[in-house]
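Comments concern the structure below.
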Amino acid sequence: MKKTFFTEIAFICGIIFMSFGIALQAKADIGMSMVVAPAFVIYSKISQYWSWFTLGMAQYTFQFVLILILCLVIRRFNIKFFLSFVTAFIDGLALDLAMWIVAFIPEFGLAGQIIFYLLGMVITSIGVAFFFKTYIAPEAYELFVKEFSRSYKKDIHKVKTIYDISSLMVAVILSFALFGWLNFVGVKWGTLICALVNGFIIGFVSKTLDKWFDFKDAFKFRKFFEI
């Protein structure tokens, strides 16, 4: 018999898993996911001059810009766009905390990098799977894909693919512009591996969660996020 798992708790789990997964990938330094890569490149450059500028700040700043672009593209604003930024802000704070904790883990050379990266990729996928189980506003990355596909009546899977490729191109361009033509910051061989297997891992975790748990709302707040 399935156990009840509240969707609001799933949101918290998503934040925690995503934060530690990204922090582990950042520590591995062999490539971030395509979605996170642009913010990571920005963080890597600005933090050289302003040590107080964190990856979490880069995350929610980049997502704020993304929400502005979304508003211009679809020519409207919705309250859930603001709620999406609130989610990004909370996630950014959690990410900075995770980065601080992960910094205490000793490094073990190349073997350690590979372990950190693989763990980070799996943990991040678990976080995304938990986000799929909640009604609370997603981060701007997912919001952009959903709202664009709905506004222009495009296939969401095709829009997601185009968005991921565009995100990768933006990260590469930013890396070249900020660090020079011979430097790939944030976009490395780990990025390619993540692109190939991330969807499979997320799907597997999501199906596994559905086998074990029955996701239900603990509060009647869903209507505020479905406007």
Side-chain angles (χ1 to χ4, degrees), residues 14 16-48 53-59 61-63 66 91-92 94-96 98-131 139-142 144-145 157-206:
I16 295 173
F17 278 95
M18 282 280 290
S19 299
F20 277 94
I22 294 173
L24 286 169
Q25 286 186 323
K27 187 177 184 67
D29 193 27
I30 52 179
M32 307 296 293
S33 70
M34 292 183 291
V35 173
V36 180
F40 184 79
V41 175
I42 295 171
Y43 153 72
S44 298
K45 188 62 177 182
I46 296 180
S47 61
Q48 291 180 350
F53 189 79
T54 65
L55 180 55
M57 292 178 181
Q59 274 275 73
T61 300
F62 183 79
Q63 292 188 60
L66 192 60
D91 184 58
L95 175 56
D96 287 340
M99 291 282 287
W100 179 76
I101 294 174
V102 168
F104 288 99
I105 302 176
E107 298 182 2
F108 304 99
L110 180 59
Q113 285 182 289
I114 295 174
I115 292 173
F116 291 146
Y117 181 80
L118 293 177
L119 282 175
M121 183 171 60
V122 172
I123 292 173
T124 301
S125 298
I126 294 174
V128 174
F130 270 116
F131 272 132
E139 291 187 296
Y141 306 125
E142 182 182 349
F144 190 98
V145 173
H157 299 293
K158 292 181 179 179
V159 174
K160 172 61 175 173
T161 300
I162 294 173
Y163 177 84
D164 287 346
I165 294 174
S166 300
S167 182
L168 177 61
M169 293 176 62
V170 169
V172 171
I173 292 172
L174 284 173
S175 181
F176 286 164
L178 298 177
F179 294 94
W181 290 101
L182 298 179
N183 293 300
F184 284 90
V185 176
V187 181
K188 300 180 181 180
W189 60 267
T191 305
L192 177 60
I193 293 177
C194 190
L196 293 174
V197 304
N198 214 33
F200 171 78
I201 298 175
I202 293 171
F204 174 78
V205 174
S206 184

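Numbers for residues simply follow the sequence, beginning at 1. As a basis for the values below, the full set of heavy atoms in this structure was taken, side chains included, without hydrogen atoms, waters or symmetry mates.
Here Asn198 pairs with Met121, Ser125, Cys194, Ile202 under the side chain to side chain contact (heavy atoms under 4.5 Å, CB included) rule; sequence neighbours left out. Considering only residues two or more places apart in sequence or on other chains, Phe144 meets the ring pair (Phe, Tyr, Trp, His ring centres under 6.0 Å) condition with Tyr163. When the ring pair (Phe, Tyr, Trp, His ring centres under 6.0 Å) test is applied to Phe62, no partner is found at least two apart in sequence or on another chain. Listed by chain and number, the residues in a ring pair (Phe, Tyr, Trp, His ring centres under 6.0 Å) with Phe17 are Phe130 (sequence neighbours excluded).
Taking every heavy atom of both residues into account, Gln25 and Thr124 meet most closely at OE1-OG1, 4.3 Å. Scanning both residues, Ile30 and Lys188, for their nearest heavy atoms gives O-CB, 3.4 Å. Considering all non-hydrogen atoms of both residues, Pro106 and Phe116 come closest at O-CZ, 3.5 Å. Gly31 and Thr191 get closest at one heavy-atom pair: CA-OG1, 3.6 Å. Listed here is the closest heavy atom pair of Ala26 and Met99: CB-SD, 4.0 Å. Closest heavy-atom contact between Asp96 and Leu55: OD1-N, 3.8 Å.
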Next item on the list: Please test Thr161 against Ile165 for side-chain contact (heavy atoms from CB on, under 4.5 Å), starting from the C-alpha separation and ending with a verdict.
Entry: CA-CA 6 Å; Thr161 300; Ile165 294 174; 4.0 Å; yes

Kindly list each side-chain donor-acceptor pair under 3.5 angstrom involving residues 35-45, sequence neighbours excluded, with atom names and distances?
{"from": "Ser44", "atom 1": "OG", "to": "Phe40", "atom 2": "O", "distance (Å)": "2.8"}
{"from": "Lys45", "atom 1": "NZ", "to": "Leu178", "atom 2": "O", "distance (Å)": "3.0"}

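Atom CH2 of Trp100 is surrounded by 12 or fewer heavy atoms from other residues, nucleotides or ligands within 6.0 Å.
The backbone N or O of Gly92 lies less than 3.5 Å from no partner atom in the side chain of Gln59, so there is not a single donor-acceptor pair. For Ser206 (side chain) and Ala129 (main-chain N/O), no donor-acceptor pair under 3.5 Å exists by modelled atom type.
Evaluation of the salt bridge (Lys or Arg N to Asp or Glu O under 4.0 Å) test over residues 190-201, restricted to residues two or more places apart or in two chains, returns none.
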